[in-house]
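Worksheet: the structure to be examined is printed underneath.
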Amino acid sequence: MYSRSALTPPTSQILGFASAAAIHNRSHFLSNASCSFQRPRVVSTRSRNRNFVHANIASMTAFRKYHGLGNDFVLIDNRHDAAPVLTPVEAEKVCNRNTGVGADGVIFLLPPSNPSSDFGMRLYNSDGTEPEMCGNGIRCLARFAADLGLHGKTPGKYVVDTGAGEIVPEMEPGSEEVRVDMGTPILEPQNVPTKLNTTEANGYQDVLKGVAGRDWTFVCVSMGNPHAITFVTKKEYDDMDSRLEAVGPDFENHSVFPQRTNTEFVFERSKTEFDMLVWERGAGRTMACGTGACAVLVAAVLTGRADKDVPVIIHLPGVT
Ligand SMILES: N[C@H](CCC[C@H](N)C(=O)O)C(=O)O
């Protein structure tokens with residue numbers, strides 16, 4: 001569940017998380033086999049009536065696993081090089097939940113790209129594509145940096161270069177919680193980007209026709225990455241939950257979203273409580289989506305479903 005402070009001028013997004021990320025910070029290792037990326041190949045052989053297990057481990061890449069409200073990531077300390085140590089294809093293999101470590105993405109803690117920042121962040125979705133920003137991901141990055149004993153120029157915060165500009169996660173001393181101002185939402189359709197006419201003159205909404213067997217009214221918002229938000233009835237919400245894997249890609253890859261899109265299906269319980277189902281660009285169904293939660297709040301305010309000065313709660317399936 002996201003506890004969401006109200007929109008504060010200039011409609012920046014303070015993303016407070018009701019339940020701090022449960023942090024899994026046991027170090028793990030990935031093997032980089034010379035010919036292709038594989039996990040340590042563990043071969044069980046039978047010899048002299050005993051089972052032998054050989055781990056074929058070539059070079060190693062240390063990582064730690066973190067999640068924010070179930071949105072989980074492999075984190076790699078990549079400060080030694082401005083380029084991620086894994087390729088998108090290798091990252092995709094790492095994210096595979098059957099043959100890899102399993103994650104929604106791989107996040108790289110990079111050296112800063114300008115003197116005013118402390119670190120850089122790049123990430124690959126589980127399909128190997130690279131998004132501009134990740135709300136839960138940057139929270140996990142902040143915890144990762146703190147667990148590594150790293151400090152920013154200003155105590156209690158890290159200034160991080162991202163594809164969406166400088167983002168500053170903050171950590172209360174001694175607290176597990178990481179809060180982050182997600183910046184100002186982008187609403188101009190051409191900058192989301194979307195070909196839908198979700199302009200202010202059009203009430204920030206437009207209809208996408210003929211997807212998953214019906215038409216949908218969308219609000220489109222960028223938090224550095226594109227989001228398409230549609231408000232549905234409880235019955236429609238539950239129906240979408242049952243067929244999200246089947247139809248999610250139809251929204252994600254629709255031609256009205258030139259850079260694809262994250263899609264949020266939202267049921268309005270009240271002006272202060274919403275249920276959010278998300279099909280993420282490049283990651284599919286995830287338990288939570290930080291930029292998505294921000295985009296949903298913005299869409300609710302723009303359509304009069306929430307008051308920008310009143311905090312709201314966004315409920316996520318499977319997260320209590
Ligand atoms: N899949 C997203 C990036 C991760 C966003 C989400 N995990 C978050 O917490 O904001 C995209 O391609 O835009």
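Read the numbers this way: they start at 1 and go in the same order the structure lists the ligands and their atoms. This one's a predicted model, so the numbers in the text were calculated from it and none came from an experiment.
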Please step through side-chain hydrogen bond (donor to acceptor under 3.5 Å, both in side chains) for the pair R260 and T129, ending with a clear verdict. CA-CA 11 Å; R260 305 189 301 155; T129 56; 3.2 Å; yes

Where on M133 is there a heavy atom closer than 4.0 Å to ligand 1, on the side chain, on the backbone, on both, or on neither? backbone

What orientation do Y237 and F267 show, parallel under 30°, tilted 30 to 60°, or perpendicular over 60°? tilted

Salt bridge check: are R139 and E177 linked by an N-O gap of less than 4.0 Å? no

N136 contact mode with ligand 1 (heavy-atom cut-off under 4.0 Å): both

Nearest 0.5 Å, please: how far is CG in N125 from SG in C134? 8.0 Å

Under-4.0 Å heavy-atom contact with ligand 1, by part of T291 that carries it: both

Check this for me - ligand 1, C289, N or O atoms closer than 3.5 angstrom, yes or no? no

Record the part of N262 in heavy-atom contact with ligand 1 below 4.0 Å; permitted values are side chain, backbone, both and neither. side chain

What pairs of residues pass the ring-ring contact (aromatic ring centres under 6.0 Å, His included) test when at least one of them lies in residues 149-184, not counting sequence neighbours? F119-Y158

Residue pairs, two or more places apart or on separate chains, that pass ring-ring contact (aromatic ring centres under 6.0 Å, His included) and touch residues 181-209: none

Quick one: which ligand 1 atoms are inside 4.0 Å of a heavy atom on G135? 8 (C), 9 (O), 10 (O)

Could you tell me whether E132 and ligand 1 have an N or O pair separated by under 3.5 Å? no

Charged tip of R305 within 45° of F231 ring normal and under 6.0 Å: yes

Counting heavy atoms only, name the option from E280, M287, R281 that's nearest to atom 5 (C) of ligand 1. E280

Pull out every atom of ligand 1 sitting under 4.0 Å from any heavy atom of N225, numbered as shown with elements. 2 (C), 3 (C), 5 (C), 11 (C), 13 (O)

Considering distance alone, does some N or O of A288 sit under 3.5 Å from an N or O of ligand 1? no

contact_flag T286 ligand 1 heavy-atom lt 4.0 Å: no

Tell me if the centroids of the rings in F251 and F265 come within less than 6.0 Å of each other. yes

